[in-house]
Number of protein chains: 2
Amino acid sequence: MTAAAASGDGARPRPARRPTMKDIARRAGVSESAVSFALNDRPGVSSDTRERVRRVAEELGWQANSAARALSGERSGCAGLVLARPAHTLGVESFFLQLVSGIQEALSARRVALLFQVVEDLDTELAVLRRWWAERRVDGVLVVDPRTEDPRPGLLASLGLPAVVIGGLEADRHHAETPLPVSNVWADDAGAMASVLDHLYSLGHRRIAHVAGMRGLAHTERRIVSLRAEAARRGLTEDEVRSVATDYSDAEGAEATRRILDGPARTRPTAIVYDNDVMAVAGASVAAGRGVSVPAELSVVAWDDSALCRVTHPRLTALVRDTPGFGRLAAQELLAALDGAPVRSVQGELPHLEPRESTGPPPGE
Amino acid sequence: MTAAAASGDGARPRPARRPTMKDIARRAGVSESAVSFALNDRPGVSSDTRERVRRVAEELGWQANSAARALSGERSGCAGLVLARPAHTLGVESFFLQLVSGIQEALSARRVALLFQVVEDLDTELAVLRRWWAERRVDGVLVVDPRTEDPRPGLLASLGLPAVVIGGLEADRHHAETPLPVSNVWADDAGAMASVLDHLYSLGHRRIAHVAGMRGLAHTERRIVSLRAEAARRGLTEDEVRSVATDYSDAEGAEATRRILDGPARTRPTAIVYDNDVMAVAGASVAAGRGVSVPAELSVVAWDDSALCRVTHPRLTALVRDTPGFGRLAAQELLAALDGAPVRSVQGELPHLEPRESTGPPPGE
DNA sequence: TTGTAGGCGTTATCAT
DNA sequence: ATGATAACGCCTACAA
C-alpha cells in the first residue's frame, strides 16, 4: 500500500435530495396518508387519486426510505447470511458463490437485500447474529455449514428470528419430542452416497477411501455415516471402506491422498471419494505426481461438480447438484417463514452422479 | 425440490423484546437524552451518570436500533457491493471471495455491514445502486469490475453517494481537466505485466500469447496495452506477442488455447499468459491433452494465484497478489470517504511473480 | 374517500 | 448537568 496520489477537487457534490411522501402529497395535492395508501395498494383511496399519486411518485423517482419503513414496524427488507470460515479455507470454492447467486435470485424477486458477513469462527458468528437481531437489521437469516452440535438454531429460535438452515438434518432424524427449532432445507446425502457407491461397486471396486470434510459439520458426519451404511449393505468391512476428515483445503486433500497411497499396495484403496472439488483435483494431482494412473490404478470421484472437475486430465467423475437451485429453495423457504409459514424441513433435489474419465474398473479387473 | 416434511409445532416463539433507550432511562432513573449522550460519548452528562447508564445498557443487552439511528440522520451503517456477472462465470474464482473477506475485515472493525447483491448485468446493477441510494440503504458503495466506459462513477458522483472503485484507472491516466468522479484503488497492472515479460523474455521466449479477460473491463484493456508496450520495449512485434479476449471462463480459456496451439508450429507461441487461474489451468489441461508438454514445449503463467495453481501438474507459475489486502485497502478508503476524505486514487501493493514449474526455456533453447 | 394525529427509537435543540 | 420537545419518514388508527 504505497503512494496516494491525490486527485479531484475534494469538494463532494451536494447530494441530490431524495423525495419523500410529503413531496408527493404536496405535488399531487393530497394528504400524506392518501399517498401511503395509494403507494401500498391499500383500499381507502379512489383509483383516480391512486393513479395520480403513482404518477407523481414515478416522476419524482420516489423510493421508500428503508429506515423509516423499518422503524414504523415494517420489515427491514434485509436477510442476513454469516459465513464463518478461516480465511485460508475461503480459497477456491465455487459452491458458496453459486449458492449465494441462487439465494439472491429468490430474494431480489421480492426486493429483499442480503446482508453478508464473513467471520473467522462460530463465536463471532453468534455475536453477529445477536447484534443483527438487536439492531433489527435483518428480518431473518440463512445459516450455512450446520454442525452436529450447533448453537445457532437454538439461539435464533430463542430470539424469535426467522431462519433457514441450509443443509441441516434430514426430517427423519427429528422426532416429535424434539421439534425443529428453525426451518431447514436439506440435501439427500445418504441417497447421493448410495449412487456413488453403486457406481464404484459395480465397476468392481471393493476398497474405497473417503476424504471427507471437516469433522463436526452436519453433512460431513452424514456422509461418513452413509458411506459406512452403504458399505455394510454390500458386505464391505470397515477395513475396506473408510473415511478420513480434512479441513476441505487442497493441502489437506493432498496430504490425505499421500497417506492413502502410501499404504501397502495389497490393501490400498482403488477408489477415492473426495468431499469437494478442490480436494479431488489436488488428490488426482498427487496421484499423477507419483505415477499412479487415474483411472487405471485409482478412480477418483468429486462431491460437487465445477469447472475444476472438467479442466483436469482426466476429467473428474463428479456428483452434480444444482447449487443455485438449492440456494433459491432456501431463500424461498426464508421468505415463506417471514410470511408466517410454520417451521419445516424441505428437501432439495437429489444430486446425480456424472461419470467422466476419472473412474473405471480397478486394476486387475 | 420434492417432498416437504412438516415438522415442529408451527407456533413461532414470541420474539424476545429488544430493549430501547426508554427502558434504560427508566431503569437508570434519568432522561432519554441523558442516555443518548452517555451512550454516544458526548459531553453534557456527569461521568457518574454516564457510568450508570452504560452499566444498565450492558445489563439489558441494548443495541441501537439501526433503523431509528439511520432515520434520525445518522448513517445506515451499511456499505454496498453489487457484482454484475452472468451466472455461468461465477464459477471457480477465488479472487472475489478473498476480496470480500478483506473488505469485511476493514468494515467490521468499524461495525459497518456489507450489503451484497449479485445481478446479471450492468443495467441491473445501475438500478440497484439507484435504489439503494433512494432507499438510503447504504452509506457508500464499492464498485468492482470497472470498465473503460463505465457509467457507474458518474452516476454515483451525481447522486453524491460515496464510492470507491476497485481496480479502476491509474492516477496518471487522469488529468486536471477531468477530476476523478469517485475514489479509486488500483493495482499496477503495467508493472505486473512487465515482471511477467521479464521472466518469460529472460528465459528466452519471443513468441508470447496473452489469453485476456473480458473486453471492456478496465484491467483487461490495461493489461493488453501494457503487454504491447512491454513487447515493443524489447523489440518484439505484434506478430510475436498478441492478446485474445475471453469471458474468463474455463471454456473460453480452453478454446483460446486450442486455437493458439493449432497455429503452425514455426510461429506458434512458446508461452501463454492467462488472465486468471481458471483459464490457466484449463489451458494447461488442453496442452496436456494434445501431448504438448508444459513447460518443455509451452510455458504457462497464471495471473492471480490460488490453490488451483498449486494442485496441478506441473504447478503453475503465477502472479501473486494480496487480494484480501486489496479489499481491505478499498474498504478503508471507503470508510475514509464516509468520514469526508476527498476523492482520491490509492495504489495497492505491486503483485509479484512466483515462478513454479510451468515456466521454463522455450523448446530449442 | 380523505385528512389528522400519534407512534416507531434515535439524535439534536432547546430550555431549565 | 439534566430533562422536555421536536425532528427524521413512514405507517395506521381514527375522525371528518
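Sequence lines set the chain letters: A, B, ... in the order given, protein chains first and strands last, and positions in each chain run from 1. Reckoned from all heavy atoms, side chains included, excluding hydrogens, waters and symmetry mates.
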Glu32(A) CD to dC11(D) C1', straight-line distance once rounded to whole Å: 11 Å
Minimum-distance nucleotide (side-chain atoms of Ser31(A) versus dT10(C), dC11(D), dT4(C)): dT4(C)
Under 4.0 angstrom between Ser36(A) side-chain N/O and dT12(D) OP1 or OP2: no
Side-chain touch Leu142(B)/Leu334(B), heavy atoms, less than 4.5 angstrom: yes
Contact summary for Trp62(B) and Leu39(B), nearest pair of heavy atoms: CZ3-CD2, 3.7 Å
Touch class at under 4.0 angstrom, heavy-atom based, for Arg50(B) against every strand present: nothing
Atom-pair distance (CZ on Arg18(B); P on dT10(C)), nearest Å: 11 Å
Sugar-phosphate, base or nothing in reach of Ala64(A), heavy atoms under 4.0 Å: sugar-phosphate
Touch class at under 4.0 angstrom, heavy-atom based, for Thr20(A) against every strand present: sugar-phosphate
Least distance between heavy atoms, Leu329(B) atom then Gly348(B) atom: CD2-CA, 3.7 Å
Toward the 5' end of DNA chain D, by each residue's nearest nucleotide, Ser72(B) or Pro43(B): Pro43(B)
Euclidean distance, atom CZ of residue Arg75(B) to atom P of dT11(C) [Å, nearest integer]: 13 Å
N/O donor-acceptor pair, side chain Ser33(B) with base dG3(D), under 3.5 angstrom: yes
Pair Ser33(B)-Ser36(B), side-chain donor/acceptor within less than 3.5 Å: no
Atom-pair distance (CZ on Phe37(B); C1' on dA4(D)), nearest Å: 12 Å
